[in-house]
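Order of the sequence lines fixes the chain letters, A, B, ..., with proteins taken first and strands second; residue numbering starts at 1 for each chain.
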Amino acid sequence: MLGLSNLRRVLLAVSFFLFPSFGVADELSGANTAWILTATALVLFMTIPGLSLFYAGLVRSKNVLSVLMQCFTLTCLMSILWFVVGYTIAFGSAEEQGPFIGDFGNVLFAAMGVDSLNGDIPAVLFAAFQMTFAVITPALIVGAFAERMKFSAMLLFSSAWLLLVYSPVCHWVWGGGWLAEMGFLDFAGGSVVHITAAVAALVAALVIGNRRGFPGTPMMPHNMTMTVTGAGMLWVGWFGFNAGSALAANGSAAMALLVTHISAAAGSLAWMACEWIRHGKPSVLGIVTGMVAGLGTITPASGSVGPAAALVIGLCAGTICFFATLFLKQRLKIDDSLDVFPVHGVGGILGTLLVGVFCATDLGVFSGLGFGGDNGSIGAQVQVQLIGIVATFSYTAVVSWLLLKLVDKVLGLRVSEDQETEGLDIVLHEERGYDIR
Amino acid sequence: MLGLSNLRRVLLAVSFFLFPSFGVADELSGANTAWILTATALVLFMTIPGLSLFYAGLVRSKNVLSVLMQCFTLTCLMSILWFVVGYTIAFGSAEEQGPFIGDFGNVLFAAMGVDSLNGDIPAVLFAAFQMTFAVITPALIVGAFAERMKFSAMLLFSSAWLLLVYSPVCHWVWGGGWLAEMGFLDFAGGSVVHITAAVAALVAALVIGNRRGFPGTPMMPHNMTMTVTGAGMLWVGWFGFNAGSALAANGSAAMALLVTHISAAAGSLAWMACEWIRHGKPSVLGIVTGMVAGLGTITPASGSVGPAAALVIGLCAGTICFFATLFLKQRLKIDDSLDVFPVHGVGGILGTLLVGVFCATDLGVFSGLGFGGDNGSIGAQVQVQLIGIVATFSYTAVVSWLLLKLVDKVLGLRVSEDQETEGLDIVLHEERGYDIR
Amino acid sequence: MLGLSNLRRVLLAVSFFLFPSFGVADELSGANTAWILTATALVLFMTIPGLSLFYAGLVRSKNVLSVLMQCFTLTCLMSILWFVVGYTIAFGSAEEQGPFIGDFGNVLFAAMGVDSLNGDIPAVLFAAFQMTFAVITPALIVGAFAERMKFSAMLLFSSAWLLLVYSPVCHWVWGGGWLAEMGFLDFAGGSVVHITAAVAALVAALVIGNRRGFPGTPMMPHNMTMTVTGAGMLWVGWFGFNAGSALAANGSAAMALLVTHISAAAGSLAWMACEWIRHGKPSVLGIVTGMVAGLGTITPASGSVGPAAALVIGLCAGTICFFATLFLKQRLKIDDSLDVFPVHGVGGILGTLLVGVFCATDLGVFSGLGFGGDNGSIGAQVQVQLIGIVATFSYTAVVSWLLLKLVDKVLGLRVSEDQETEGLDIVLHEERGYDIR
Amino acid sequence: MKMITAIIKPFKLDDVREALTDLGITGMTLEEVKGFGRQKGHTELYRGAEYVIDFVPKFKLQVAVNNNLVDVVCEAIAKAANTTKIGDGKIFVSELEQVIRIRTGEQGEAAL
Amino acid sequence: MKMITAIIKPFKLDDVREALTDLGITGMTLEEVKGFGRQKGHTELYRGAEYVIDFVPKFKLQVAVNNNLVDVVCEAIAKAANTTKIGDGKIFVSELEQVIRIRTGEQGEAAL
Amino acid sequence: MKMITAIIKPFKLDDVREALTDLGITGMTLEEVKGFGRQKGHTELYRGAEYVIDFVPKFKLQVAVNNNLVDVVCEAIAKAANTTKIGDGKIFVSELEQVIRIRTGEQGEAAL
Ligand SMILES: Nc1ncnc2c1ncn2[C@@H]1O[C@H](COP(=O)(O)OP(=O)(O)O)[C@@H](O)[C@H]1O
Ligand SMILES: Nc1ncnc2c1ncn2[C@@H]1O[C@H](COP(=O)(O)OP(=O)(O)O)[C@@H](O)[C@H]1O
Ligand SMILES: Nc1ncnc2c1ncn2[C@@H]1O[C@H](COP(=O)(O)OP(=O)(O)O)[C@@H](O)[C@H]1O
C-alpha cells in the first residue's frame, strides 16, 4: 500500500539497476532514511534561502523583497497544495497507476502513516522529499517575470500550474506514467523540474512583456554578493537534489554527488572561458550562471553517467547556455529577466538528451551506468529522450499559456507603469529591503 | 551508565511508542548516529547564522553587530557552560534521576567516553545535540532587549539563566524529572525552549524598559533581506531541531519533519492572510514571522501529531500570534523589540496545549500518535499540558526577574542614553556593520 | 583496487584505534555513506558560501567580488584538477604506496566504479569528500594576497600549488606516505590543510608585497555582517570537515564533532577576553577570528583528544593566535591581508603539536584516545609531530616561493597601482558588488 | 558663472543627462537625496508598527555654467524632467564666484 | 530668496522637520553627509589595526525660503536641533537667484 | 564668508583633509557624489547586458571660510587633490551670507 507501489514502478522502469534488491526491501533502512532526511533539508535549502538569494540579488533594490516574498510564499503555498492534492496527482496511492495522472487516494496524505514505507524509507519522507521539488520548480519561474508581476496573479498562476503542469508531468516521469514506461531517463528532474519551469518562464516572459525600459535602461543586479551567496547554497543543496534522488545512501548516491559536482565545476569554467574570450574579462555573475547551467544539465543524467561524461556534459552546458543567453537577450530581445529559459531550459533539454548518450556502458572512460527500461542502444534511448522532451515542452507551453491568459483576465498579470517605476517592495508589500545608514 | 538511563526514562515517559525496542538498543546505530550528527549541525546552523541574521536584520544598522555579537558569544559561552555543568544539571549521570535537577556526575562530561552510548547513539553526540538547544534558547531572548542592553550584563544574565532556568526545566521535561513522570508531551521544546525563552524575554523587556523613542520614532528593520535569509535558514535548521529530537532516523523523525514543514507553511500563510485582510498588503516580514510562529508552535507537538493536525496547528499559530503581536505592541506598548513573546511564547503555549488534543488517535484524518505516559484521554493530557505550561511559565518568570534585578545591581542592565543614540556597535564593540561605497 | 588499500594504510597508521574491524569492512555501510554524503556537502558549504563570505566581508567594497570570484573559481578549478590528477597523486590506486606521492592509476578516477568501495563507503564518495578539502585549502590562501593579485596569476599559481604542494603533502600524511608511516597524527588537516595554506599565504604576502597604503590608510572590513555570516557557516561546515574525517558515523565522529565545537567556543572566548582586556572592548571580528583559530587548531587533534583537552586547546588557540596576529601586523608589518598565517598557520602548528600531548590516555580528565602508529609516549609522539610540522612547513615554503616567482615572470602577480586604487571588481571583472539605492 | 541645482525624480536622470549633453554641457555632479514636499511619501508596516515615510528619493544634479547658458540649461532640465505629476522637483540657481579645475589650475569659465 | 543649509545631528531630523512644518514650510531636501569638526569621531579596531574615524554622520537639510522667512526658519532650526553638546552643527545662509518648479514652470517665490 | 566646494577623487580625501587641518581649518562637511565629466566611467557587463556607467564616484567637500582664507584654502585643496590625471575635479567658490553655530547661537565668523 501507500504510494509504495507506484514508486516501485518508477524505480523499476527508470533506474532498476540501482536497486537490485528493492523488491524485498520491506524493512525500514535507517541509513537511507538518514540520508533522505538530510537531502530533504538540502533541497529546501536550495529554495530558501538559496534560490531566493540568487534571484533577489539580480533585481534592482526596489524589487528585492518582492522576489524574496515570491519565493518564500511559493515555498509555503506549494507545500500545502502538494500535501492536499498535488502529491496524489503525481504519485497516487495504489499499486497500479494510470499513464497520465495518479489517483486521489492520497489527498491529505490519507494513505500514509508513521510506519508506512515507500521502498525502504518512510512513505511520509518520500512525500516530503518530493514536496521540496514541488516547491522549487514554480519558484524557478519567478525569474522570468520578476520586477513587474502582481503578487496575487503570481500566486494564482503558480497554484494552478503546480496542479495542472508539474504534478501530471511528475506522474509521467516518476509516478509510473507513460514516459516512465518507455524507459525515459530523468534521474532528478531535467524534464520534470527544469524543462517545465523554463518553458513556463519563457511563455510568461512573452505573455507579460518586457520590463519598462528593457533593454535600453540599465537594470543592474543590485547585490551581486547576494547572488553569489545564493549560488553557493544552490550548489550545496543540489547534492541533496541529485544524490537524494537515489533515495538511498549508496554508491549510486555517491556517484550522483560526484557527477553533480564535476558538472557544476565544468559548467562554471566553460562559461568563464566563453566570457573571458568573448568579452575580455571573466565575471562572477558569469561563473555562477555557468554553475547553474552545469547543475541543471547534469540533473537528469546524474543517476546514469560517470564522472568523465559529467565533465563533458558540464562543458557543453556552460558553453551552450552562454550562447543561448546572449541569443535570447541580444537577438530575440525577450526579457526573461533572470535568464531562466536559456539556463534551465536549454540546460534541461541538453542534459535530458545527453543522458541518452552517456548512459551507455561501452564508451570507455565516458561510460555510464546503463540504459533505461528496455532500451538497448543509444539511438533507442535518445529517441525516448526526445519524445520526453517534446512532450513536456509542448504540454507545459500550452497549459502555461492558457493559465497566464486566464489569470490576466481574472486579476491582471502586471502592476501599473507607475507602480513598476516605484518598485514592487513599497507598492505591493509596504516594506523596503535596506535602511542602512 | 552515562546519562543513558535518564534519557531512557524520558523516552519511556514521553514517547514510548516511538521506540518499541529501545530497551535492547545497547549497540550503536550508525544510521541514527549519522542523522543526529547532521541534526546537530542543523541546530547549530539555526543559531549561527540563522537566528542571528533573522534578528540582526530587524534592528537599526547602528546596532546590527551588537545583535550578531550577542548571538555568537552566547553560542560560545552557553556551549562551555553546558559542557562544564549545564548538561549534568539537566541530564545527570545516573540511572535514577530526581524530579527537579540531575546529578553532578557529568561535570565536564566526566562520565562519557568515546564508546559510551545513550540509547543507540554515542553519549557525547546526545550531549552535543542537546548543547545546540542550550545555545539557541538564551539566544532567542536577545530579541527582547536588543539595541539597549549592556553586553557584559547580557553575558552575566544569560549564564545564570542557563544554569538556573534552562537546565532545571530541561530536567523536568527531558531529563526524567517530574513533568516527564506525568507524561507531559514536549517533543522538541515547546516549553523547554520556547516558553522559557519567551517568558524571560517578556520579563526582560519589562525590566529593562522600552527603547528610547519607542513607539513614536520609526525603528525600521535595517536589512529585511538579512531577516528573510535568516528565516530560510531557521526553517531548514528546524528539521534538525524537531526531526532530530526523534534521536533516530526512522518514521518518527520523518513524520516530525513533515509536520514541521506543514505547520511552518500554514503559519506563514495564515499570518500573510491576516495581514492582507487587515492591512491591505501582505509583507515579507509578516510571512516569515508567521513561519516562526508555525515552527515554534509545532515544536512540542512534532513527535505526536499527523500532518492534517499540523495544518490546523500552523493556521492557529499564524493567526493567534499575529494578533498577540499587535496586542503587545499597540495596546500594551511593551517594547519586546523583536516580538519574542508574542511569537515564541504564545506559539509555545499554544502548541503545548494543542498537542494534548491532536495526539489523540481517534480524530480521523487529524489523528496523532498517542498520549503521553499513562494519560488516557484528551482531557487528562490537556490537564498535564496545562500544568507544564503554568509551571515553566511561572518558574521562568520569577527566576528571570530576580536575575535581571540582580544583574542590574551588579553591572547595570542598560547603556546610557547617549550610547543608545550613538548605537551599540561603535560604543560597545568599536566596529561598524557596513562600510559600503 | 580502488585507492582502498592506501586509505587503509593511512587509517592503520594514523587512527587504527577507531576502526577496530575495518579489515573486514568489505561491504558498503549505508550509515557511514549517509554521513559522508552529508559531510561532503558540509565541507563544500565551508568554501562556498562560508569562507568566501568570511573573506569577502573583510575587504573593501571595491574588491568584494574579486574575493568571491577567486573562491568560487578555485572551487571549480581545483575540483577538476583533483579529478584529473590531484587525487591520484595524493591517494594513488594500488595497495602499496610509495612514501612521497601516489601512483597515476586513478587519473580521471579511472579505477573507481559505482560499486567500488574505499573502506566501507563508496570509493567515489571518499574521493569527492577529499575533493572538498582540495578545494578549501587553496581558497584559504586567497586571504593573503586579497585586493591586489591578478586573477589569472592567482589561477595559475593555485593550480600548480595544488598539484605540487597540496597533493604530495596529502599523500605523506593521509595517502600512506612517509609521515603516515611514522604515526604522525593529523586527523582532519592541521598540517595538510592549515599549515600548507598558511605558509603559502605568508610567502605570498611577502612576495607580492603590501597593499598600497598599508598600514597607514584605513582598510576597514566593508561588511562585517557578511564576515559573521561566513563565520557561522564555517563553524557548521567544520562539523563535516572534522567529524567527517572519521569516515564513519560512530563514536569517533561524534567525539570529533564535540571537541571541534568546544575548541571553537573556547577559542572564541579566549580571543574575546584578550581583546577585552587589552583594548577595552570585545569585537565581533575578534570573536569570530578566535573561532577560526579554535577550529583550525583542533582540526589535527579532533580524532585523538577528549573534550576537556579541547577546552585547553581552544583557549590556547585563541590567545596565541591573537598575539601572533598583532605581532605580524604591528611589528613585522607584513600585509597578510586577512591574517591567514597568524590564525591558520599558528593554529595549525599549535594543534599539530598539542595533539601529541593530549592524545595520551593517562591525563585524567584531559585524556585522549591514544598515540599514533608505534609511538609509545608523549615525547615520541611530539617528536613525530615536530618532524611533520617542519617538513610540511619548509616544503611548502620553498615550493610556494618558487611558484610565485615563476608566475610573476610569466604573467605578473600584481595589478597596476591605478587598478588597485580603482578596485579589482571593475578592473578585472567589470562588475560591482552593490548597487543599493 | 552660476550654479544650477536641480532636484529631480531618479528615473528621469537619463533624460536630463541627455538633454544637457545635447546642449554641450560636459560636466555635472550628482547626489542621491531625499525630498520632502507636496508629493506624498509612503507608509511602511512592520509587524504592526506603522511608519510614515515623508522623504522620497530624489536626485540632485548640479551644473556650473556660464551666465549665458543659464536659461537654456534651466529650460532643458525642466523639460526633460517633467512628468506633469507632483514631485517633479525644483531648479535652484545661484551665483558662483569662482571655479578652479584642480588638474590644471585653470580658473573661471575656462575651468568649466 | 535664500537657501538655508543646516548640518544637524541625524537623530534630530524629526524635531527639525516638525519645527519647519509648524512654520508652514512645505518643502525641503535632505542629504546624508559626514561632518568633521570639534566633535570627536570614534576609533575602530579590527584585529589590531586601529583606525580613527574623524567624520561623523550628519544630515544636511536644505530649505529654500523667501527673504522674510530667513530669520524665523534659522531660529526654528537652531532651537530644534540644539542639544547643547558639541557637534550640534551649523546653519549656512546664501542667496538664491532663481527657483523654478519643474512641473508647472512657475518661477521665483511662487515656485517655493 | 565664502563656501568652498571641492569635488575630488575619493582616495585623495586624506591628503586634502590633512592639507586643510594644516591650515588650521577645523570644520568641513563631506558628501559622496557621482561625477560626470571628461573622465570616462566604466563598462559593466551582466550576462551579455552591457551598461556604460558615466558617473564616477567622487567626494564633495564643503568648507565655509573667512574671506581672507579663500585663496590659501583653494590652493591647498588644489595641490593636495592633484594627480595630474583627468577627473581630479573642481573647486567652486560662492558667497555665504550668514553662518550660525547651532549649539551656541553664535553668528558670522565666530561660528566657523
Ligand atoms: N523649499 C524647498 N527647499 C528645498 N527643496 C525643496 C523645497 N520645496 C521642494 N523641494 C524639493 O523638491 C521636491 C519636489 O517638491 P514637491 O513639493 O514634492 O513637488 P513639486 O515640485 O511638483 O511641487 C521635494 O521632494 C524637495 O526635494
Ligand atoms: N567650516 C565648516 N565648513 C563646513 N562645515 C562645517 C564647518 N565647521 C563645521 N562644519 C560642520 O558642522 C558640524 C558640527 O561642527 P562641530 O565643530 O563638530 O560642532 P559645533 O557645530 O557644535 O561647533 C561638523 O560635523 C561639520 O559637518
Ligand atoms: N560644469 C560642472 N558642474 C558641476 N560639476 C562638474 C562640472 N564639470 C565637472 N564637474 C565635476 O568635476 C569632476 C571632474 O571633472 P572631469 O571633467 O572628469 O575632469 P577634470 O576636472 O580633470 O577636467 C566631474 O566628475 C564632476 O563631478
Worksheet item: Going by heavy atoms in the side chains, are C/Met224 and E/Tyr46 under 4.5 Å from each other?
Response: yes
Worksheet item: So, do E/Arg47 and C/Leu326 sit near enough that their side-chain heavy atoms are less than 4.5 Å apart?
Response: no
Worksheet entry | Among C/Met219, C/Arg278, C/Lys281, residue most engaged with chain E (heavy-atom pairs, under 4.5 Å) | C/Met219
Worksheet item: Has the side chain of C/Gln330 got a donor or acceptor atom that lies under 3.5 Å from a matching backbone atom of E/Gly48?
Response: yes
Response to the item:
One should read off an interatomic distance between E/Leu45 CG and C/Glu275 CD, to the nearest 0.5 angstrom, of 6.0 Å
